Amino acid sequence: MPTKEESILTTALHSEVENRFLTYALSTIVSRSLPDVRDGLKPVHRRILFAMWEMGLGPTARFRKSAAVVGEVLGKFHPHGDQAAYDAMVRMAQDFSLRYPLVEGSGNFGSLDGDPAAAMRYTEARLSQLAEELLIEIEKETVGFRPNYDNSLKEPVVLPARFPQLLVNGTSGIAVGMSCSFPPHNIGEVIDGLAAMIDNSSIDLKDILKFIKGPDFPTSGQILNSKKELKEIYQAGSGAIRVRGEYSVEDMPRGRQAIVFTSIPYQVNKAKVLERILGLMEEKKLPQVTTVRDESTDVIRLVLELKAETNPELVTAYLFKHTDLENSFAVNFTALKPNMEPERLSLKEIMRYFLDFRLEITTKRLNYDLRLLKARLHILKAFEMLYDDLDTAIKLIRKSKSREEAGVKVKKHFKFDDEQTRAILEMQLYKLAGLEIEKILKEKAEKTKLKKDIETILGSQKKIWALIKTELLDIKAKYGDKRKSMMKAAEDVEFSQEDFVVHEDVTMILTKMGWVRRVKTVGENLRFKEGDDLLSLIPANTRDNIALFSSAGKVYVIKAFDLPSSSGFGEPVQHLFKFGDGERPIMAMNLSTVLAGSPAAAEDEEKAKGKQPQLALSGGTVIALSISAKGVGFKFDLSQFNSVTTRAGKKFAGCKAGDSIMGVDVLDLPNVLFLTSEGKAVVVAGKDIPLLTGAGKGVKLVNAKKGEVTLFRSVRKGEQVKVVDEKGKEKVIDLKSYGVMTRGSVGLKAVKAVKFV
């Protein structure tokens, strides 16, 4: 016997982890998450249906408590959590989850609003009539069985499905490294496609799609994909199905209208859609809608009342873009093949696997029936021989001392085998009546004919396929219905985002610490956090573009309406834009108002004063000046940033290491006055400042030496400028004392070396 040390195996940790993870992954893929391509079921669903079948819960049986079903499933076949098994059973009973429910439920089984089902002790269930078609042939040795988890019972490897459950009801699952997502389809269309494939085994996918129009969701909706897109999805086994809720426009009193949605996309929570619409209304992003309510009963009915003279098409276009009333269903046809290998399949491959499965099942069923017929005919032949010499048989039995002796005598006299002898000895006395022989002969004739028919079918592959086709068409006739989902090519209505923004005058408040908000009136709202102060106060309309410039030389543009509306301190700019480390706002401006100013009007004003216009304005552009703390600057065109609405912003200026942008302003007068922290003033002509088209660094405009540029503004020659320091002291600078200087000048002393407001 090996010692404890000798029985310990040494292995590399990474190899052991890899092997165990692969074992876990394989178990998840095969035994939990992916459906079998043959019956379209995952193990938990197969076990639930089989357990209910074993309990006798057929479509005509009385309902049983769901807790009893779950207990049977867990105790015999599925050693997992009871809630997981119950949730799987509940989904099979929901007519909004499955196109054709497999479980018939009694009680609360949830709703489209996301309401959960009642506890399993309250609800009851039994198999639906269609579910019976998955199981009805299981007694005829059509499928294999394997030991259950504790080897005490047998469970089916696959159910002998008589219809393509995988395509009809679909399924979804997430395994390790792979997942699946099958949309439901109309059972009649799928069976028509299978019938066409039986007639022509080499049929093309485009011909199959003449029968299978596309997915058919239980919650209806419009499918927007084109025929070409659907063909590509079904060929590749992956893609996205665009689904949109159906609606109509109803007239209301006083010339108003209402949009009424009568369906929603598959797997969308109706209550959350309603909540989202109400949220948009509260945020004033849907000003055309006055009221929204849910009037749904068994039929979906979401009502949105509109203001007078509102275009319903624009409102629905906005809703489709900003809510789940238009959604995408991801298609991923990954399933387990008969050899238990997972693979992404095309629609045609799935149908081919199912038909091959039906051929196997039908052949096994016919052979099983044939065996039973032969066994019965063998017994009937014995009964016929017995009636030809009944008196002798009775004498032999009466003279026998035991059952065994009677059996030996009858077997020897009539040359029966053991099965025939046993049947004779077990025969009831009333069957010795004279009329019984007629019934026996009639039964023998019927079964002989049926035996020949089955042998004829088994002898011809063509006749087996004909039988399979007939049985499929019978299921279509019994369960087929009209499509619920409409096939409609997408007709996207173009709309402007501004159509859904309320016209309203507001004020943007930006602080030095980077807190931003919009308010209707300033008044008491002009308050700040401790140590913070006002940076910019911008009057605007909710539809205006607000530009925010940062110390890193970037500009961020946002609609005034999208600024946070707050009576508090607002929100940090980092919540609205992607600011970098150490980046801070330096100023903001109403870009819409600035760009709306006519350059021609500015030039006319200059000419009216007898002066040559100095602004670098042309063709609707507005020129601004950027200056860094170290005095490096340039001119640039503001209009190029009017459409920059991404969170990342756009670069307008570059800076050397140790420098940063200190200000940006419109250059609307001929000259620019700069003040430094050393109290020196520099006046530079606007025409001497270079105009850059890209995000450059510019040129030296001010030689700040050891100080920094702290204030600047565009000025006219000889005017007076009043500045206020941080202590509130005013100082008037008369520009008559300062001529226009060259770029890079140190400047002349103007005020004390203090910070300026």
Side-chain angles (χ1 to χ4, degrees), residues 50-51 53-58 60-61 72 76 132 135-148 150-157 160 360-460 463-464 467:
F50 180 67
W53 177 264
E54 289 283 283
M55 294 171 70
L57 295 181
T60 58
E72 187 82 1
K76 291 184 176 180
E132 195 174 39
L135 292 146
I136 200 166
E137 296 174 331
I138 201 166
E139 312 287 349
K140 296 190 174 184
E141 299 178 2
T142 50
V143 295
F145 281 72
R146 62 188 171 201
N148 68 340
D150 64 355
N151 204 19
S152 62
L153 296 168
K154 298 286 186 181
E155 64 172 314
V157 175
E360 177 187 346
I361 295 298
T362 304
T363 303
K364 287 181 177 179
R365 187 193 75 213
L366 290 173
N367 281 317
Y368 178 83
D369 290 341
L370 185 61
R371 287 198 305 274
L372 292 185
L373 283 172
K374 287 180 177 179
R376 182 60 180 166
L377 285 170
H378 189 56
I379 300 302
L380 291 175
K381 183 179 178 182
F383 286 167
E384 183 182 7
M385 292 172 63
L386 182 71
Y387 273 94
D388 289 341
D389 194 1
L390 187 59
D391 292 337
T392 302
I394 293 172
K395 287 178 182 179
L396 290 172
I397 294 171
R398 288 184 64 185
K399 290 180 180 180
S400 300
K401 295 180 180 179
S402 64
R403 176 189 175 97
E404 289 74 14
E405 185 181 341
V408 172
K409 289 179 179 180
V410 170
K411 180 178 180 181
K412 182 177 180 182
H413 180 78
F414 290 96
K415 296 181 179 172
F416 291 156
D417 59 21
D418 291 339
E419 289 185 8
Q420 290 172 320
T421 303
R422 191 180 306 109
I424 295 297
L425 294 177
E426 292 175 353
M427 181 188 291
Q428 296 171 314
L429 288 174
Y430 77 88
K431 290 191 176 181
L432 298 176
L435 292 176
E436 286 300 315
I437 186 61
E438 295 180 12
K439 293 182 181 179
I440 290 171
L441 293 174
K442 183 180 179 181
E443 183 185 354
K444 182 184 177 186
E446 289 174 352
K447 284 188 164 45
T448 300
K449 182 179 181 303
L450 187 55
K451 171 177 169 289
K452 289 181 179 178
D453 290 343
I454 292 177
E455 288 175 338
T456 301
I457 293 171
L458 286 171
S460 169
K463 290 183 178 180
I464 296 178
L467 177 62

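Throughout, numbering of the chain's residues begins at 1 and tracks the sequence. In this text, all values refer to a predicted model and were calculated from it rather than measured experimentally.
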> So how far is it from D369 CG to L450 CG, rounded to the nearest 0.5 Å?
Replying inline: 7.5 Å
> Listed by chain and number, what are the side chain to side chain donor-acceptor pair (under 3.5 Å) partners of E139, not counting sequence neighbours?
Replying inline: W53
> Can you name the residues that form a side-chain contact (heavy atoms from CB on, under 4.5 Å) with D417, not counting sequence neighbours?
Replying inline: H378, E419, Q420
> Which heavy atom of I379 sits nearest a heavy atom of A423, and at what distance?
Replying inline: CG2-CB, 3.7 Å
> Can you name the side chain to side chain donor-acceptor pair (under 3.5 Å) partners of D389, sequence neighbours left out?
Replying inline: T392, H413
>> More than 12 heavy atoms of other residues, nucleotides or ligands under 6.0 Å from CZ of R146: yes or no?
In response: yes
>> Looking at every heavy atom in both I454 and L366, which two are closest together, and how far apart are they?
In response: CG2-O, 3.6 Å
> What is the minimum heavy-atom distance between I457 and I464, and which atoms define it?
Replying inline: O-CG1, 3.3 Å
>> Holding to side chain to side chain donor-acceptor pair (under 3.5 Å), I want the full list of residues that pass it with K154, two or more places apart in sequence or in another chain.
In response: none
>> Using the side-chain contact (heavy atoms from CB on, under 4.5 Å) criterion, which residues pair with K409? Sequence neighbours excluded.
In response: L396, K399, S400, E405
>> Are the side chains of L386 and F414 in contact, using a 4.5 Å heavy-atom criterion?
In response: yes
> Would you say V143 and K364 make side-chain contact, with heavy atoms under 4.5 Å?
Replying inline: no
> Charged N to carboxylate O below 4.0 Å: is that the case for K76 and E54?
Replying inline: no
> How long is the span from the NZ atom in K381 to the CZ atom in F416, to the nearest 0.5 Å?
Replying inline: 9.5 Å
> When rounded to the nearest 0.5 angstrom, what distance separates NZ in K411 from CG in D418?
Replying inline: 3.5 Å
> What are the two closest non-hydrogen atoms of A51 and E72, and how far apart are they?
Replying inline: CB-CG, 4.1 Å
> Between CD1 of I397 and NZ of K395, what distance do you get to the nearest 0.5 Å?
Replying inline: 13.0 Å
>> Looking at every non-hydrogen atom in both residues, tell me the closest pair between L425 and A406 and how far apart they are.
In response: CD2-CB, 4.2 Å
> Among pairs that include at least one residue of residues 444-454, which meet salt bridge (Lys or Arg N to Asp or Glu O under 4.0 Å), considering only residues two or more places apart or in two chains?
Replying inline: E384-K444, E443-K447, K449-D453, K451-E455
>> Go through it in stages, so that I can follow the logic: the residues are T142 and Y368, the test is side-chain contact (heavy atoms from CB on, under 4.5 Å), and I'd like the CA-CA distance, side-chain angles, deciding distance and then a yes or no.
In response: CA-CA 8 Å; T142 50; Y368 178 83; over 6 Å; no
> How many angstroms lie between CD in E404 and OG1 in T421, if you round to the nearest 0.5 Å?
Replying inline: 12.5 Å
>> So, taking the atom named CG in L380 and the one named CG in L373, what distance separates them when rounded to the nearest 0.5 Å?
In response: 10.0 Å
>> Run the side-chain contact (heavy atoms from CB on, under 4.5 Å) test on F50 and I138 for me, step by step, so that the C-alpha distance in whole Å, both residues' side-chain angles and the decisive distance to 0.1 Å come before the verdict.
In response: CA-CA 9 Å; F50 180 67; I138 201 166; 3.8 Å; yes
